[in-house]
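Worksheet for the structure shown next.
Order of the sequence lines fixes the chain letters, A, B, ..., with proteins taken first and strands second; residue numbering starts at 1 for each chain.
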Amino acid sequence: MSVLLQAQGLVQQYATARSLFGKPGAVRAVDGIDLAVRQGEILGIVGESGSGKSTLGRMLLGLETPFAGQVRYRGQAMPAPGTAQWRGLRAQMQLIFQDPLAALDRRMTIRAQIAEPLEIHGLARGEALNRRVEELMARVGLRPDQADRYPHELSGGQRQRVVIARALATKPDFLVCDEPVSALDVSIQAQVVNLLRDLQEQERLTMVFISHDLKVVRNICDRVAVMYLGRVVEEAPSDQIFAAPRHPYTKALVSSVPRAGRGLESRIILQGEPPNPAARPPGCAFHPRCPMADARCAATVPRLENHHGRSAACLKLDRALEPAA
Amino acid sequence: MLNFLFTKIARALLTILLVMTFAFVVLRLSGDPAQILLGPDAPQDAVDSFRARWGLDDPIWKQYLAYLRQLFAFDFGISMRDQSPAIELVMERIPATLAITLPALLLKIAIGIPAGVYAALHRNSLADRGVIMLSIFGFTIPSFVLGLVLVLVFAVTLGWLPAGGQDSWRHAILPIATLSVGGIGILARFSRSAMVEVLGQPYIRTAMAKGLPWREVVWKHALPNAAVPIITLIGFMVGALIAGAVVVESIFSWPGIGRLIVVSVANRDLAVVQCLLLVIAASMVVANLCVDLAYGLLDPRLRHRRAAH
């Protein structure tokens, strides 16, 4: 599979609020990420809140300019936001947010919102525009009579369908879904996940699926990258990462997913503070919470090493990652 | 929709009735108009005949019923001071007041909203900080201080403008300036925060991600959504068009409604004060009604909630 989108050494940092006498500090939300998104795959990005996964998503889409590093789309560097070239690219890459109500302009009808991207890029007008909107609505499972409703008149799941229809309007190649089902009821989640999966197959979309919900990720993703404090700590095909996680953080995450026939006692409970990008521990950022950490982990930053199609960043696993021969 | 309108109007009439009742009671508890109008040295039989002439000897509930009967016949009473109908006295003052409050309102809108929107679009810039500082200055300085300072500078020291009176358009400049400063500050501050909030919404980021040029994001998505709280505030300002200049009219001896209020209250000219309060309450209520209707145009959620009732 060819690479559609390549992230090279991505870093993003934000200034923190200045305290009364202090200097403004910088918080690294994303701290050096190399990632390749291959054509037609669904890449899952998982991590706790504050791990930088949403920031990564926005940089992949070119909505934010990285502090360092670059994103290449089809081999070309991402143009600067706001330029005509950048706007033209918008038709090819779209995003879906967590909260569909907030993502919709409450003053506009469903029809107007789905039609807007088509109008912006001059893709359809008049009768053809109406037909395309109705086709998109049917595609995501909305009734034609809902076109003239307003967002508040729809249910959460229906709203997310509107957001998906709008994202698909310009026939994009690349879609970033940032926690697309977290705000929905569990019963609706499955419907929307299945819809996304069907659409991905039919439209041959390339997708980045950001989520903290491992069950959903396992269901939909081909490959998964696990983030901790702005870095990727493990990356592997989805079935492998869930069957045999390597990084201790991934192990803890995977063990926390409830599964039938397995007791709660096998969960790995992480100790210590949840990650805070403003106070990154030295060495391996995970070492204060890691059950396997020793003095070396506090001093040395582990590199993400690739072995046989999967990679992990952990000093303790050097030997385990050797081929089993 | 019609149903909604009827409820609103019924509530508005009830509000006005409550205001009138309150005014009626308070005015009668706060001093004897006969004593105040005729002076402390007036002979007792003059006071007595004045009281009999205006029905002030009747029990208060009887006076109140008579007053209500008058109101429903659109009879607003006669001034105790110069015997002319109260409503005429009030109506002839309204143009003078509007001559300064309307231009002030336009200035508030024309300066306050663009300043606030500009500040929100250039958040944390020097211009943004400037707008915040000026607007705080604008709405914290009391109008009686500002008015006097303006008189001191432009009338007394520089001699460019008259200090008071109503002889030409030049006389209106200082009152209008005094009236508008606070409103400009409040509107700027309000528009800024409304815009900042809207600009942080995911649908704005979505609009950008769809490739909509920034100008259009602002005009099509941000401004209409930020308009709802701003319209509310303008509604209050419209409601205050008639009654909002009491202090400023007094400072600049501007013969409008404000001056009439001060004089009539001081003289306990009951019919005039009651008629003034009625006009003021009615103007506030009508302004509020207009704001409610404007909401429906700006925010479909409110339109439908209303239809459901």
Side-chain angles (χ1 to χ4, degrees), chain A residues 15 17-18 54 57-58 61-64 81-110 112-123 148-153 162-163 166-167 169-170 172 175-176 178-179 183, chain B residues 1 117 120-126 128-129 132 194-232 291-309:
Chain A
R18 191 195 307 245
S54 293
R58 287 197 297 273
L61 282 169
L63 297 179
E64 250 179 54
T83 57
Q85 212 189 350
W86 177 86
R87 280 211 305 277
L89 260 189
R90 293 307 101 206
Q92 296 179 40
M93 40 180 71
Q94 287 289 320
L95 85 166
I96 291 172
F97 277 112
Q98 173 173 5
D99 179 359
L101 186 57
L104 296 167
D105 189 327
R106 62 186 187 198
R107 293 177 36 266
M108 288 166 65
T109 60
I110 303 311
Q113 314 226 25
I114 297 177
E116 196 183 20
L118 294 163
E119 290 166 341
I120 293 169
H121 298 282
L123 295 175
D148 296 309
R149 302 275 185 91
Y150 285 92
H152 68 274
E153 297 175 278
V162 174
V163 172
R166 180 177 66 184
T170 55
L175 196 61
V176 171
D178 190 350
E179 304 267 10
Chain B
M1 187 66 202
V117 169
L121 292 175
H122 300 82
R123 208 172 158 195
N124 294 332
S125 67
L126 208 62
D128 182 23
R129 279 157 216 261
I132 293 177
M195 271 301 272
V196 163
E197 200 201 315
V198 167
L199 288 174
Q201 293 292 317
Y203 58 80
I204 296 295
R205 193 182 293 149
T206 309
M208 277 155 58
K210 282 183 289 193
L212 199 64
W214 180 237
R215 262 188 87 78
E216 286 183 46
V217 174
V218 171
W219 281 101
K220 195 170 167 191
H221 292 284
L223 283 174
N225 277 297
V228 174
I230 301 175
I231 292 285
T232 315
V291 169
D292 276 336
L293 294 177
Y295 277 161
L297 296 178
L298 289 165
D299 191 340
R301 283 183 310 177
L302 300 166
R303 198 183 309 158
H304 288 275
R305 193 172 307 155
R306 189 174 292 161
H309 277 300

Inset, instruction - Provide the closest heavy-atom pair for M208(B) versus W86(A) in the form atom of the first, atom of the second, distance. - result: O-CH2, 3.7 Å
Inset, instruction - Name the member of G62(A), P117(A), A103(A) that forms the most heavy-atom pairs with chain B at distances under 4.5 Å. - result: A103(A)
Inset, instruction - Could you pull out the closest heavy-atom pair between L95(A) and A209(B), with the gap in Å? - result: CD2-CB, 3.3 Å
Inset, instruction - Report yes if the side chains of E116(A) and E216(B) come closer than 4.5 Å at any heavy-atom pair, otherwise no. - result: no
Legend entry - L104(A) versus chain B, the contacting section by heavy-atom distance below 4.5 Å: backbone
Legend entry - Considering all heavy atoms, the nearest Q201(B)-A102(A) contact: OE1-CB, 4.1 Å
Inset, instruction - Grab the two heavy atoms, one from R87(A) and one from L212(B), that are nearest each other, plus how far apart they are. - result: CD-C, 4.1 Å
Legend entry - D178(A) CG to R205(B) CZ distance, which is reported to the nearest 0.5 Å: 8.5 Å
Legend entry - Distance in Å, K210(B) NZ paired with E119(A) CD, rounded so as to fall on 0.5 Å steps: 9.5 Å
Inset, instruction - Hey, could you give me the CZ/OH distance between R166(A) and Y203(B), rounded to the nearest 0.5 Å? - result: 11.5 Å
